[in-house]
Amino acid sequence: MRGCVFLERNINELVAQMTLEEKAGLCSGADFWHLKGVERLGIPGVMVSDGPHGLRKQDQEADHLGINDSIKAVCFPAACATAASFDEALLERMGRALGEECRAEDVSVLLGPAVNIKRSPLCGRNFEYFSEDPYLAGKLAAAQVRGVQSWDVGTSVKHYAANNQEYRRMTCSSDMSERTLREIYLAPFETIVKEARPWTLMCSYNKINGVFASENPHTLTEILRDEWGFDGYVMSDWGAVNDRVKGLAAGLELEMPSSNGVRDAQIVAAVRGGTLEEAVLDKAVARILNIVFRYADVQHPEAKFDRAAHHALAAELEKECAVLLQNKGALPLARAAKIAYIGGFAEKPRYQGGGSSHINASAVTSALDAARVNGTDVVYAEGFPADRDETDEAKFAAAVEAARAADAAIIFAGLPDSFESEGYDRSHMRLPECQDRLIARVAAVQPNTVVVLHNGSPVECPWAESVNAVLEMYLGGQGVGAAADALLYGDANPSGRLPETFPYQLEDNPSHLNFPGDGKNVEYAEGVFVGYRYYDKKKMAVRWPFGHGLSYTTFEYSNVRVSADVLNDGGTVTVYADIKNTGDRAGREVVQLYVADRTGTAGRPEKELKGFAKVALEPGETKTVELSVDARSLSWYSEALGGWYAAPGRYELLVGHSSRDIRGAAAVEFRTEKLLPFHVDENTTVGELLADPRTASSVRQMARQFMDTIAPAAEDSADAAKEAVSDEMARQMMDNMPLRGLRSFGAFPEGALERMIADLNAKMAQ
């Protein structure tokens, strides 16, 4: 960034030369997609554009819902698909392609990626989000950000924060504990800010615990800037501003789109009226200008928008994203076999979602197109349409007959745009009824029935036991048909893994009773138990677990080990696992590392993803995978401490193929001097005091005396069983006894309890 150093020295000088009105004006857009410039000072106006998975650049009649056409561009796989790659290098590669396109089209900031958590399968915008897991979402999105910004083009990571539904998203309050907010909903943003330094963030529409995200100083300043060190600017989602002056003071620098001068005047009036310090406005303007010049001052004449090359890239990437959910032997297909293609998606695939990210695709390859190009013997029967839930008995009968006469039947199913889009949530988790009915009828006559899914979020699959194979393509971009063809016929080996759990039914989802709220508030009552954290803790059966995915080859795990048995606070430990391809074709395995807290700390998930690696292996080849953990990998957010905390003790490091398929484990002992705040009062229990190293020695003698008082007969008992029960009863009573209760047993003379409590609290304060 050749000019940035010079410009950073002169930003404050530029701000000092601006009028109050010019400064206020820079804090809102010039129109729908452009930022204002100040010609007399050489400040250029720059353009931003939608497009987490493609460039939705609109030059005329701009809108935010994808209604009006944008330029012809390449639609890459959506985040629901790329998340399934479990591949940071793939996301960075896609990001570099998007960044080059932005440079070629003079777009300074690409609005994305979107990293909101898939809290419920019903969220209409899930196709644009990565995962139910914050670690996976953060790591993959950070890689995409690095790729885009390698072209000196900014990203705007969205939607900050806790925007997990479309219903009343502009006013509803997402209500949750600070721990839930930090561990689940802010964690992906934290990873991206710290590891990829995005140029901008986009605030969400909703309230967070009663405060609009656009005017929330806790999230915009205290956490984002003061804790994480974010040094870019925050822009609003389009129309997300509630109170412009409050927002500016809280840390929202840029309002989009243009307010036609209305909000600018409010800022000017607030400064002149003394309700907003001009220094706050100056800082906001400086942050915006720093990013504007970071783009404008660097030239990339080599950038070009090669649509044909990027179309091929989109198809190549999707091959790495598709997830083989089930396979009883029908796949891969033989090119010489007679195959029936059924379903409207075979001819008109659903390859992207609806709304603000909708791309005007430069070309679209369907599975039917790809099969015919490759000379495959395919018979096509529509069966059901791609765009609606409609049953036509004649088309059903034709599809069933085609399946009966073929060697295998491939049903291309999924969710139409009318079922899943920005702006509204799904009302259920089912496929269109016509699809479920036809799948069941085809499976009844054709044992080699394969279902290929096109969807942005989990669906119920009541026919899963009846079909031979299921291939999840998600919303795979404009090359989805070519990718599906390669995977179905074995030209590519499936290597995607589920970035979310597929429950058997909607009612199993942990958010079910609290989604989407009453329109004013939505309670995140499940806390940190989102997705597999909930299903695994309850040991609940699921259709397909988080991290699941099959291959046309097999892998063997062995020799799981650690670099050290002890992990000290501030250090790291490396986990090693040997992975062998035991099949007869090349493949890629996703090795997943989960951490399990075995210290006895209450309220923790059974396991949490804290590392992953995708490894390519030839038949018979073995490679050693290395994954590292540190104190943060073990930690949870303590509201009492106001920070991250891991209890000292034993943690298991679980290496596996999915959250439900652990292949090996090792253990580490964590050592730390950090302790949680502890205030002693009359209701503090003896057990709490014995468990804390700061107080244990002070109360141990008292505990022994208490045991002797309540269980003196145990020593004289001739019945060993009764003696054991008596001892256990005494221990449990002691553990649960509040200090005030010991008075009844004569443990404290007058005033002694109060003195002891004061002494213990004084020791805590040291």
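Remember, it's a predicted structure, so these values are computed and weren't measured experimentally. Here, residue 1 is the first one in the sequence, and each next residue gets the next number.
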Item to complete: Test salt bridge (charged side-chain N to carboxylate O under 4.0 Å, His left out) on Lys118 and Glu128 and set out the steps.
Response: CA-CA 10 Å; Lys118 291 188 173 186; Glu128 213 173 313; over 6 Å; no
Practice prompt. Please lay out, stage by stage, how Lys395 and Glu382 fare under the test salt bridge (charged side-chain N to carboxylate O under 4.0 Å, His left out).
Written response: CA-CA 7 Å; Lys395 290 183 177 180; Glu382 182 186 43; 2.5 Å; yes
Worksheet item: So Thr449 and Asn468, side-chain hydrogen bond (donor to acceptor under 3.5 Å, both in side chains) or not? Walk me through it.
Response: CA-CA 5 Å; Thr449 295; Asn468 191 293; over 6 Å; no
Worksheet item: Do Asp436 and Phe384 pass the side-chain contact (heavy atoms from CB on, under 4.5 Å) test, and can you show the C-alpha distance, the side-chain angles, and the key distance before you say yes or no?
Response: CA-CA 10 Å; Asp436 281 338; Phe384 52 78; over 6 Å; no
Discussion item. side-chain contact (heavy atoms from CB on, under 4.5 Å), that's the test. Do Asp407 and Asn448 meet it? Break it down for me.
Written reply: CA-CA 7 Å; Asp407 296 320; Asn448 292 321; 5.8 Å; no
Worksheet item: What do the steps show when you test Ser495 against Lys614 for side-chain hydrogen bond (donor to acceptor under 3.5 Å, both in side chains), and what is the final call?
Response: CA-CA 9 Å; Ser495 63; Lys614 199 166 192 176; 3.0 Å; yes
Discussion item. For Gln144 and Glu88: C-alpha separation, side-chain torsions, deciding distance, then whether side-chain contact (heavy atoms from CB on, under 4.5 Å) applies.
Written reply: CA-CA 8 Å; Gln144 183 174 339; Glu88 292 176 75; over 6 Å; no
Worksheet item: Where do Asn493 and Ser551 land on the side-chain hydrogen bond (donor to acceptor under 3.5 Å, both in side chains) test, with the steps shown first?
Response: CA-CA 6 Å; Asn493 194 346; Ser551 171; 3.1 Å; yes
Discussion item. The test is side-chain contact (heavy atoms from CB on, under 4.5 Å); show your working for Phe127 and Asn455 and say whether it passes.
Written reply: CA-CA 7 Å; Phe127 64 87; Asn455 48 293; over 6 Å; no
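The number of heavy atoms from other shown groups lying within 6.0 Å of NZ (Lys537) is above 12. For CD of Glu390, the number of neighbouring non-hydrogen atoms (other residues, nucleotides, ligands) closer than 6.0 Å is greater than 12. In this structure, Lys348 places its NZ atom where only 12 or fewer heavy-atom neighbours from other residues, nucleotides or ligands lie under 6.0 Å away. Counting non-hydrogen atoms of other residues, nucleotides and ligands closer than 6.0 Å to NZ of Lys328 gives a total above 12.
Contact between Leu55 and Ile359 at its shortest, heavy atoms only, is N-CD1, 3.8 Å. Counting all heavy atoms, side chain and backbone alike, Cys75 lies closest to Ala361 at CB-CB, 4.5 Å. Minimum heavy-atom separation, Leu91 to Ala143: CB-CB, 4.0 Å. Contact between Pro545 and Leu498 at its shortest, heavy atoms only, is O-CD1, 3.7 Å. Closest of all the heavy-atom pairs between Asn581 and Ala586 is ND2-CA, 3.9 Å.
A salt bridge is defined here as a Lys NZ or Arg NE, NH1 or NH2 lying under 4.0 Å from an Asp or Glu carboxylate O, and Arg533 with Glu606 fails to meet this definition. Looking at Asp661 and Arg663, a side-chain N of the basic residue comes within less than 4.0 Å of a carboxylate O on the acidic one, giving a salt bridge. For the pair Glu316 and Lys319, the salt-bridge criterion is not met [side-chain N within less than 4.0 Å of a carboxylate O]. Using a cut-off of 4.0 Å between Lys/Arg side-chain N and Asp/Glu carboxylate O, Glu589 and Arg497 are scored as salt-bridged. Lys607 has a carboxylate O that lies under 4.0 Å from a charged side-chain N of Asp536, or vice versa, which qualifies the two as a salt bridge. Glu460 has no carboxylate O lying under 4.0 Å from a charged side-chain N of Arg430, or vice versa, which leaves the two without a salt bridge. With respect to Arg103 and Glu100, no salt bridge is recorded, no charged nitrogen being found less than 4.0 Å from a carboxylate O. Ion pair Arg125/Glu422 flagged as a salt bridge, since at least one NZ, NE, NH1 or NH2 atom sits closer than 4.0 Å to an Asp/Glu carboxylate oxygen. Salt bridge status for Asp485 with Arg335: present, with a side-chain N to carboxylate O gap under 4.0 Å. A salt bridge links Arg350 and Asp417; the closest N-O separation between the charged side-chain nitrogens and carboxylate oxygens is under 4.0 Å. Contact check on Glu393 versus Arg441 returns a salt bridge, with a Lys/Arg side-chain nitrogen under 4.0 Å from an Asp/Glu carboxylate oxygen.
Geometrically, Arg307 engages Phe305 in a cation-pi contact defined by less than 6.0 Å to the ring centre and at most 45° from the axis.
Taking the six-membered ring where the residue is Trp, the centroids of Phe419 and His428 are separated by under 6.0 Å. Aromatic rings of His53 and Phe76 (six-membered ring for Trp) have centroids beyond the 6.0 Å cut-off, not under it. Taking the centre of each ring, Phe612 and Phe86 come in below the 6.0 Å mark. Taking the ring centroids of Tyr424 and Tyr167, they lie at or beyond the 6.0 Å cut-off.
A side chain to side chain donor-acceptor pair (under 3.5 Å) with Asp50 is found for one member of His358, Arg56, Lys57, Gln58 and no other, namely Arg56.
Using a 4.5 Å heavy-atom threshold, the side chains of Met473 and Leu453 count as separate. Side-chain contact between Asn509 and Pro121 is present, with at least one heavy-atom pair separated by less than 4.5 Å. Here the side chains of Pro332 and Tyr489 are not in contact, with every heavy-atom distance at 4.5 Å or above. For the pair Glu500/Pro458, a side-chain contact is recorded, criterion being any heavy-atom separation below 4.5 Å from C-beta on. Between Tyr129 and Cys123 there is a side-chain heavy-atom pair separated by less than 4.5 Å. A heavy-atom distance below 4.5 Å is found between the side chains of Trp463 and Leu431. Contact annotation: the side chain of Phe555 approaches that of Leu617 to within less than 4.5 Å [non-hydrogen atoms, C-beta and beyond]. Residues Val459 and Arg426 are in side-chain contact: their nearest non-hydrogen atoms beyond the backbone lie under 4.5 Å apart.
Using a 3.5 Å distance cut-off with no hydrogens or angles, the side chains of Asp578 and Thr624 do pair a donor with an acceptor. Counting only N and O atoms by type, the side chains of Gln592 and Tyr594 include a donor and acceptor under 3.5 Å apart.
Using a distance-only test at 3.5 Å, with no hydrogens or angles considered, no donor-acceptor pair links the side chain of Thr501 to the main chain of Pro503.
For the atom pair OG of Ser70 and CD of Glu105, the computed distance is 10.5 Å after rounding to the nearest 0.5 Å.
Partners of Phe546 by ring-ring contact (aromatic ring centres under 6.0 Å, His included), not counting sequence neighbours, listed by chain and number: Tyr532.
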